[in-house]
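One-based numbering, in listed order, for ligands and for the atoms of each.
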Amino acid sequence: MSRPTKEQVIDRLRTVNDPELHKDLVTLNMVKDVVISGGKVHVHVELTTPACPLKDRISADVQTAVGQLAGVDEVTLEFSAQVRGQSRAEDKLPGVKHVLAVGAGKGGVGKSTAAVMLATGLARSGASVALLDADIYGPSIPTMMGVRAAKPVVDGELILPIEAAGVKLISIGLMIPPEQAVVWRGPMVHGVVTQFLQQVKWGEVDYLVVDLPPGTGDVPLTLAQAIPFITGAVIICTPQDVALADARRAVRMYEQLNVGCLGVIENMSYYVCPECGHRDEIFDHGGAEVAARELGVPFLGAIPLNGKLRAFADAGAPEKYFTETADSVRHAIESVVQATAGQVSVRSAEQADQPTLTIE
Ligand code: ADP
């Protein structure tokens, strides 16, 4: 019986598109190896993020495409992940592949909570993640990450980040008292943040999540400008009309800075009573998705209002968002994390020239 050749398998893999990147796996250089042993074909696929939302779909599509070849009895897959990013050797943050700016049109919508969810969730997926709390007037990351008492150590010229929940983090709040920051104006913020960012020993980082101050005023704008490069902004909002208007302004502010929007997250989207399961849409629901569509930016998902999330934030236990909440809450958060990672991959693929196939 004739058996398939590697070339035939690769040809079949050219028919499998990454559902988000809209190109085939071979063109995207995601096929790392093909091993054929009799009728058994083993394909090694390298995903563009360990938090890939579409792994199952890619797996099924590869099974179908390769399984159609004559002489194939079994198709097995192996996945690895390598976050792709442009080389930043010449840049001010050499080891950092992507910077995600987390912003909001106004305070209190859960921006810092979302920054913590994204950082912790991406780290849990296996990525190397850092978190910079740049919300200089209300730094809440140390509390939410459970490191309020930590004192960053200086190593020579550089500050060593603190590690919590698998995330390297630094808060301006741990270095500069917020009372001091209150008097700062734009140019001073710019200087301090530029210096601060470059004086942290970030090391090799796939995703640096930056929690920016809320609003569209001078300070968030200058702060965003002080970051050497931003892959994209993630805007957090709640569903009421008044909050959405602010979120729209935030999206436009980042666009004016030439920072594309990775998407919008609707927080406090609905409430499910843990006792009776009744669902209440306290602040209305779905507005962020509509606003995202109108603005032409992706909608990254909805996170419910949930007492445990608040309690774990206050207790500085971010991993418990993923381990000790109801399944529906956990799934909502995981789906937002995956959608965000997916959009980073999309942005990265748009920016980078695709490498060529290296399989022999
Ligand atoms: P912001 O950074 O936008 O000012 P925070 O992230 O600090 O907002 O959140 C404000 C408060 O709301 C915090 O006490 C936080 O724990 C709580 N919170 C945020 N999102 C949720 C949620 N989905 N469910 C319950 N509480 C939340």
Does Pro304 have a heavy atom less than 4.0 Å from any atom of ligand 1? yes
With a cut-off of 4.0 Å, which atoms of ligand 1 are near a heavy atom of Met144? 5 (P), 6 (O), 7 (O)
Got the closest protein heavy atom to atom 27 (C) of ligand 1, with its distance? Met268 CE, 4.1 Å
Dump the intermediate steps for side chain to side chain contact (heavy atoms under 4.5 Å, CB included) on Val96 and Val205, then the final yes or no. CA-CA 5 Å; Val96 178; Val205 168; 4.2 Å; yes
Could you please spell out the steps behind the side chain to side chain contact (heavy atoms under 4.5 Å, CB included) verdict for Leu197 and Leu132? CA-CA 8 Å; Leu197 258 176; Leu132 170 68; 3.6 Å; yes
Minimum-distance protein heavy atom relative to atom 4 (O) of ligand 1: Gly108 N, 2.8 Å
Under 3.5 Å, N or O to N or O, is Asn306 touching ligand 1 that way? yes
When you look at Ile265 and Met117, which way does the side chain to side chain contact (heavy atoms under 4.5 Å, CB included) test go after all the steps? CA-CA 12 Å; Ile265 298 173; Met117 282 174 184; over 6 Å; no
Can you tell me the protein heavy atom closest to atom 8 (O) of ligand 1 and the distance? Gly110 N, 3.0 Å
Any heavy atom of Pro214 closer to ligand 1 than 4.0 angstrom? no
What atoms in ligand 1 come closer than 4.0 Å to a heavy atom of Ala313? 16 (O)
Please say whether Ile303 places an N or O atom under 3.5 Å from an N or O atom belonging to ligand 1. no
For ligand 1, which atoms, with element, lie under 4.0 Å from some heavy atom of Asn267? 19 (C), 20 (N), 21 (C), 22 (C), 23 (N)
Quick one: look up the protein heavy atom nearest atom 2 (O) of ligand 1 and list residue, atom name and how far away it is. Ser112 N, 2.8 Å
Just say parallel, tilted or perpendicular for the rings of Tyr321 and Phe312, cut-offs at 30° and 60°. tilted
What protein heavy atom lies closest to atom 14 (O) of ligand 1? Include the residue and the distance to one decimal. Arg310 CG, 4.1 Å
Looking only at the side chains, is there a donor atom on one of Ser112 and Ser140 sitting less than 3.5 Å from an acceptor on the other? yes
Do Tyr207 and Thr231 have side-chain atoms, one donor and one acceptor, less than 3.5 Å apart? no
Does the side chain to side chain contact (heavy atoms under 4.5 Å, CB included) test come out yes or no for Leu160 and Lys168, once each step is laid out? CA-CA 9 Å; Leu160 298 182; Lys168 297 183 206 175; over 6 Å; no
For ligand 1, which atoms have a heavy atom of Leu305 less than 4.0 angstrom away? 23 (N), 24 (N), 25 (C)
Tell me yes or no: between the side chains of Ser59 and Asp56, is some donor less than 3.5 Å from an acceptor? no
Among non-hydrogen protein atoms, atom 19 (C) of ligand 1 lies closest to Thr113 OG1, 3.3 Å
Relative to Phe322, does Arg330 satisfy both conditions: NZ or CZ under 6.0 angstrom from the six-membered ring centre, and within 45 degrees of the ring's axis? no
Identify whether the distance between the nearest side-chain nitrogen and carboxylate oxygen of Glu204 and Lys97 falls below 4.0 Å. no
Using a 3.5 Å cut-off on N or O atoms only, is Lys111 in polar contact with ligand 1? yes
Atom 11 (C) of ligand 1 touched by protein heavy atom at under 4.0 Å: no
